[in-house]
**Q** 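Below are the C-alpha cells for one structure; questions will follow.
Whatever order the structure lists ligands and atoms in, that order sets their numbers, starting from 1. Positions are given from 1, in the same order as the sequence printed here.
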Amino acid sequence: MRFPSPFPGEGARAPSMPQNVDTPVLIVGAGPVGLALAGDLGWRGVECLLVEQSDGSIYQPRMDLVGIRTMEFCRRWGLVGAVEAAPYPRDLPQDNVYVTSLTGYELGRERMPTLDAAKVPPESPQRRERCPQNMFDPILRDFAAAQTGVTLRYRTRLVDFAQDADGVAAEVEDATTGAREKIRAAYLVGCDGGRSLVRETLGIGMVGTAALTHTTNVIFRCPDLVALHDKGRAYRFIILGPEGTWSTIVAINGTDQWRFSIIGAAEERAYAIAEIQALIRRAVGRDFDYEILTVMPWVRRELVAERYGEGRVFMAGDAAHMLSPTGAFGMNTGIQDAVDLAWKLAATLQGWGGPHLLAAYDAERRPIGYRNVREAAANFRRMTSPRPGPRLLEQTPEGEAFRQKLGAEFTALMRHEWFTLGVHLGYRYTDSPICWPDGSAPPSDEPNTYVPSTVPGCRAPHVWLASGRSTLDLFGKGFALLGFGADPADVAAIETAARARGVPLTFTAIDHAAAARLYARKLVLVRPDGHVAWRGDRAPDDPLALIDRIRGAARL
Ligand SMILES: Cc1cc2nc3c(=O)[nH]c(=O)nc-3n(C[C@H](O)[C@H](O)[C@H](O)COP(=O)(O)OP(=O)(O)OC[C@H]3O[C@@H](n4cnc5c(N)ncnc54)[C@H](O)[C@@H]3O)c2cc1C
C-alpha cells in the first residue's frame with residue numbers, strides 16, 4: 001500500500017496505523033530528542049516505536065539548561081511541574097564567575113538569580129530552567145511512556161535499514177541476547193546522536209568544522225568545595241590563566257558534584273589521571289579531597305548535516321547538527337526539530353498532510369541548525385578570545401589594573417552567551433514552502449533580543465489572556481485560527497476549506513486589546529507547532545489554496 005493519499009477529502013482520515021508495517025514511525029535513540037519526538041507523536045495520537053541501544057542510564061550528564069522554548073513545549077506536554085520538582089537546588093545562585101582559580105583573583109561576575117527567584121519574562125509564559133540530563137531525560141521518558149501507542153525498547157540497537165517507496169525495513173539487535181529482528185516502519189527518524197548510524201547509512205555528510213576542540217569533562221564529587229574558596233555559591237566558574245581561558249567548573253547537580261572541563265585545543269590530547277588531578281588542583285588553587293567519578297573526552301564541533309533526511313528517513317538532534325555547548329543550544333535545537341517533525345509526521349500519517357509536507361522539515365529546520373551552530377561557535381570563540389599574558393597574575397598595582405580592565409571587558413563580552421532570548425524564541429520559518437508570506441519583513445534576527453511578531457513563519461507570540469491562560473495554550477494539536485474582531489464570514493470560509501481537506505482547525509475569538517495589537521491582523525492562523533502559517537484582515541480569495549499550501553499539498 002502506498003501511504004498516504006495526498007488528498008483524503010472531507011472526513012476521510014487514514015488510520016494512525018498504516019497497513020503492512022509494524023509501526024508507523026521507528027525512532028532510533030532515546031536521548032532527549034528521541035524521547036521528545038516519541039512523546040509528541042504519542043500526544044498527537046500517533047503510534048511509534050523507539051529503540052535505544054543502552055539501558056537509558058546517563059553515564060555523564062551533558063545538557064543542563066532547558067531553554068525557554070523547550071519549557072514552552074514542556075508546558076504544552078504538562079511537564080513544567082516535573083521539571084520544577086527535579087532535585088536541582090532552586091536556591092543556588094546561577095552566577096557565572098570569571099576567576100584565575102577558585103581561590104585566586106575574581107576578574108568579573110555575571111550575577112544570575114536562583115531558579116526560584118528568576119522572573120518569567122514578558123515574552124513567554126515560562127522561564128528557562130536548570131535540569132541536568134540525568135533529571136530531564138527521565139521526565140521525557142515518563143512522558144513518552146505514558147502516551148498510548150508509544151513503545152520504548154531499551155537495549156535494542158539499530159544495525160541496518162533500507163527504504164523503498166512504501167516504507168523502511170530496519171534490522172535491530174537485542175543487546176542482551178544478540179538476537180536480530182526485522183521491523184517495518186512507514187518512517188524512520190534517527191535521533192541517534194553525533195555518530196548517527198542513520199546519517200552514515202544515508203551517506204549524508206556534515207558541513208562545517210569537525211573539531212573546534214578536543215575537550216575532557218571530569219565529574220568529581222566534593223561536598224564542601226564551596227567552603228574551600230571565597231567566591232560563594234555559583235553555577236559556573238570560567239578559569240583564565242596567562243595563556244587564556246583553559247577550563248570551567250560547573251555545579252552539575254548543584255550540591256556535591258562538579259563538572260570540570262579541560263577545554264583543550266583542536267589537536268587531540270589524552271590526559272592521564274595524574275595530569276587531571278594536577279589540573280583540578282590548578283583550577284581550584286589548592287589541595288583538597290575529592291573523588292573523580294567519570295572522565296569523558298569529547299569533541300566540540302561546528303557541524304550541520306547536508307540534508308536532514310532522505311525519502312522516508314529523517315534525522316533530528318545531534319544526528320543533524322553538532323554544536324559547541326557554549327550557549328546551551330544543542331538539545332534545545334534538537335527538541336525544536338522534534339516538535340517540527342512530529343506534527344508533519346502526524347498530519348501525513350493521519351491523512352491530512354499533503355505530499356510536500358515532510359519535505360518542509362529540512363527546509364525549515366536546517367537553516368535554524370546553521371544559525372544556532374554558528375552562534376554557539378561564536379560564543380566559544382568569545383569565551384576563549386582573551387590572551388592575558390603573565391600580567392594576569394602579577395601582584396602589583398599594574399597587575400590589579402590589568403585584571404580590572406580584562407574582567408570588565410570579559411564580563412561584557414560574555415553577556416552575549418548568557419542572554420539569548422533571540423536564539424530561543426526568535427527562530428522563524430519565513431522562507432518555508434508551507435507558510436504563506438504577506439510581504440512584510442520579519443524583525444531582525446538577533447541572538448540577544450526577541451521581538452514578537454506574527455509575520456508568517458515566526459513563533460506566534462505569547463500574551464496572557466483571561467484566567468491565567470497564555471495564547472500559547474491555544475496551540476498544539478491542530479491549526480489554531482485566532483480572530484481579533486474578524487468578520488464571521490471570513491472565519492467560516494477558512495473553516496470550511498480546512499474541513500474540506502480534513503485539516504483539524506479550531507477557531508478562537510479573542511477580545512483583548514494588547515493581544516490584538518501584538519497579533520497585528522484580524523485573523524492569524526497558527527500551526528500545530530506554534531508558528532504562524534498565515535495572517536490577514538479577511539479570508540484569502542481562495543481559502544482552499546491557503547489550506548493546501550499550509551498542509552504541504554501545493555507544489556511550489
Ligand atoms: C558538556 C556539554 C554540555 C551541554 N549542555 C547543554 C545544555 O545545557 N543545553 C542544551 O540544549 N544542550 C546541551 N548540550 C548538548 C546536548 O547534550 C545534546 O545536544 C543532546 O544531548 C542531543 O540529544 P540527542 O537526543 O540528539 O542525542 P544524544 O543525547 O546523543 O542521544 C542519542 C541516543 O541514541 C542512542 N543510539 C545511538 N546509536 C544507536 C543505534 N544504532 N541504535 C539505538 N540507539 C542508538 C544513543 O545510545 C543515545 O542514547 C551539551 C553538550 C555537552 C557536551
**Q** Report, in ascending order of atom number, the atoms of ligand 1 lying under 4.0 Å from any heavy atom of Arg157.
**A**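 Contacts of ligand 1 toward Arg157, numbered from 1: 40 (C), 41 (N), 42 (N), 43 (C).
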**Q** Pick whichever of Val250, Val33, Val28 has a heavy atom sitting closest to atom 24 (P) of ligand 1.
**A**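 Checking each option, the heavy atom nearest atom 24 (P) of ligand 1 is found in Val33.
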**Q** Counting from 1, what ligand 1 atoms have a heavy atom of Thr156 closer than 4.0 Å?
**A**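 Checking each atom against Thr156, I get 43 (C).
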**Q** Atom 32 (C) of ligand 1: which of Cys191, Gly29, Pro32 has the nearest heavy atom?
**A**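 It is Cys191 whose heavy atom sits nearest to atom 32 (C) of ligand 1.
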**Q** Can you tell which of Arg300, Met331, Arg128 gets a heavy atom nearest to atom 11 (O) of ligand 1?
**A**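 Result: the heavy atom closest to atom 11 (O) of ligand 1 is in Met331.
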**Q** Can you tell which of Asp91, Asp95, Thr114 makes a side-chain contact (heavy atoms from CB on, under 4.5 Å) with Arg233?
**A**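 When Asp91, Asp95, Thr114 are each tested with Arg233, the side-chain contact (heavy atoms from CB on, under 4.5 Å) holds only for Asp91.
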**Q** Tell me the side chain to side chain donor-acceptor pair (under 3.5 Å) pairs involving residues 28-39, sequence neighbours left out?
**A**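 Every candidate side chain to side chain donor-acceptor pair (under 3.5 Å) pair involving residues 28-39 fails, so no pair, neighbours aside, qualifies.
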**Q** Among all protein heavy atoms, pick the one closest to atom 41 (N) of ligand 1 and tell me residue, atom and distance.
**A**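 The closest heavy atom on the protein side is Leu158 O, 3.1 Å.
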**Q** Check whether any N or O atom of Ser54, backbone or side chain, sits under 3.5 Å from an N or O atom of ligand 1, and answer yes or no.
**A**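 Ser54 vs ligand 1: no N/O contact under 3.5 Å.
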**Q** For Gly193, take its heavy atoms, then give the atoms of ligand 1 lying under 4.0 Å from any of them.
**A**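 Listed by number with element: 27 (O), 30 (O), 32 (C).
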**Q** Within ligand 1, which atoms have a heavy atom of Phe329 less than 4.0 Å away?
**A**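 That gives atoms 11 (O) of ligand 1.
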**Q** Tell me, please, whether Trp298 has Arg62 positioned over its six-membered ring: NZ or CZ under 6.0 Å from the ring centre and within 45 degrees of its axis?
**A**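 Because its charged atom misses either the 6.0 Å distance or the 45° angle limit, Arg62 does not stack over Trp298.
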**Q** Nearest protein heavy-atom contact for atom 39 (C) of ligand 1: which residue, which atom, what distance?
**A**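 Going atom by atom, the protein heavy atom closest to atom 39 (C) of ligand 1 ends up being Gln53 OE1, 3.5 Å.
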**Q** Applying ring pair (Phe, Tyr, Trp, His ring centres under 6.0 Å) between His424 and each of Tyr450, Phe73, Phe329, report the one that passes.
**A**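 So the option named by the test is Phe329.
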**Q** For atom 26 (O) of ligand 1, what is the closest protein heavy atom, and at what distance to 0.1 Å?
**A**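 The closest one turns out to be Asp318 N, 2.9 Å.
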**Q** Where is the nearest protein heavy atom to atom 38 (N) of ligand 1: which residue, which atom, and how far?
**A**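 Of every protein heavy atom, Asp192 CB, 3.6 Å lies nearest to atom 38 (N) of ligand 1.
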**Q** Does an N or O from Trp298, backbone or side chain, lie closer than 3.5 Å to an N or O of ligand 1?
**A**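 N/O-N/O distance below 3.5 Å does not exist for this pair.
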**Q** Is the closest N or O pair between Ala316 and ligand 1 shorter than 3.5 Å?
**A**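 No.
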**Q** Taking N or O atoms only and a 3.5 Å limit, does Leu197 qualify as a polar contact for ligand 1?
**A**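 The answer is no, given that Leu197 and ligand 1 share no N or O pair closer than 3.5 Å.
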**Q** Any atoms of ligand 1 less than 4.0 Å from a non-hydrogen atom of Gly317? List them with their elements.
**A**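 Contacts of ligand 1 toward Gly317, numbered from 1: 26 (O).
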**Q** Considering non-hydrogen atoms of the protein only, which is the closest contact for atom 1 (C) of ligand 1, and what is the distance?
**A**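 Going atom by atom, the protein heavy atom closest to atom 1 (C) of ligand 1 ends up being Asn217 ND2, 3.3 Å.
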**Q** Return the residue, atom name and 0.1 Å-rounded distance of the protein heavy atom closest to atom 31 (O) of ligand 1.
**A**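 Answer, as residue, atom name and distance: Gly31 CA, 3.5 Å.
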**Q** Could you give the distance from CZ (Arg366) to CG (Asp337), rounded to the nearest 0.5 Å?
**A**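 It comes to 12.0 Å.
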**Q** State whether Tyr427 and Arg371 meet the cation-pi test: NZ (Lys) or CZ (Arg) under 6.0 Å from the six-membered ring centroid, and within 45° of the perpendicular axis.
**A**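 The answer is no; the distance or angle limit is not met.
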**Q** List the steps, then state whether salt bridge (Lys or Arg N to Asp or Glu O under 4.0 Å) holds for Glu375 with Arg382.
**A** CA-CA 10 Å; Glu375 187 57 23; Arg382 278 188 277 267; 3.1 Å; yes
**Q** At what distance is the nearest protein heavy atom to atom 49 (O) of ligand 1, and which residue and atom is it?
**A**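 The answer is Glu52 OE1, 2.7 Å.
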**Q** NE2/His416 to CG/Asn379 distance, rounded to the nearest 0.5 angstrom?
**A**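 His416 NE2 to Asn379 CG: 8.5 Å, rounded to 0.5 Å.
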**Q** By the side chain to side chain donor-acceptor pair (under 3.5 Å) test, which pairs, at least two apart or in different chains, include something from residues 25-46?
**A**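 Qualifying pairs, neighbours excluded: Asp40-Arg44, Asp40-Trp77.
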**Q** If you look at every heavy atom in Ala270 and Glu275, which pair is closest and at what distance?
**A**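 So the two residues come closest at O-OE1, 3.9 Å.
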**Q** Working to the nearest 0.5 Å, report the span between OG of Ser57 and OH of Tyr154.
**A**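 The distance works out to 9.5 Å.
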**Q** Mind checking the CD-CZ spacing from Gln53 to Arg155? Nearest 0.5 Å is all I need.
**A**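 Result: 10.5 Å between the selected atoms.
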**Q** Could you find the nearest protein heavy atom to atom 30 (O) of ligand 1 and give me its residue, atom name and distance?
**A**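 Here the nearest protein heavy atom works out to Arg62 NH2, 2.9 Å.
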**Q** So, is the end of the Arg374 side chain (NZ or CZ) under 6.0 Å from the ring centre of Tyr370 and within 45° of the ring's axis?
**A**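 No cation-pi geometry.
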**Q** Please list, in number order, the atoms of ligand 1 under 4.0 Å from a heavy atom of Val51.
**A**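 Near Val51, meaning under 4.0 Å from one of its heavy atoms, ligand 1 has 43 (C), 44 (N).
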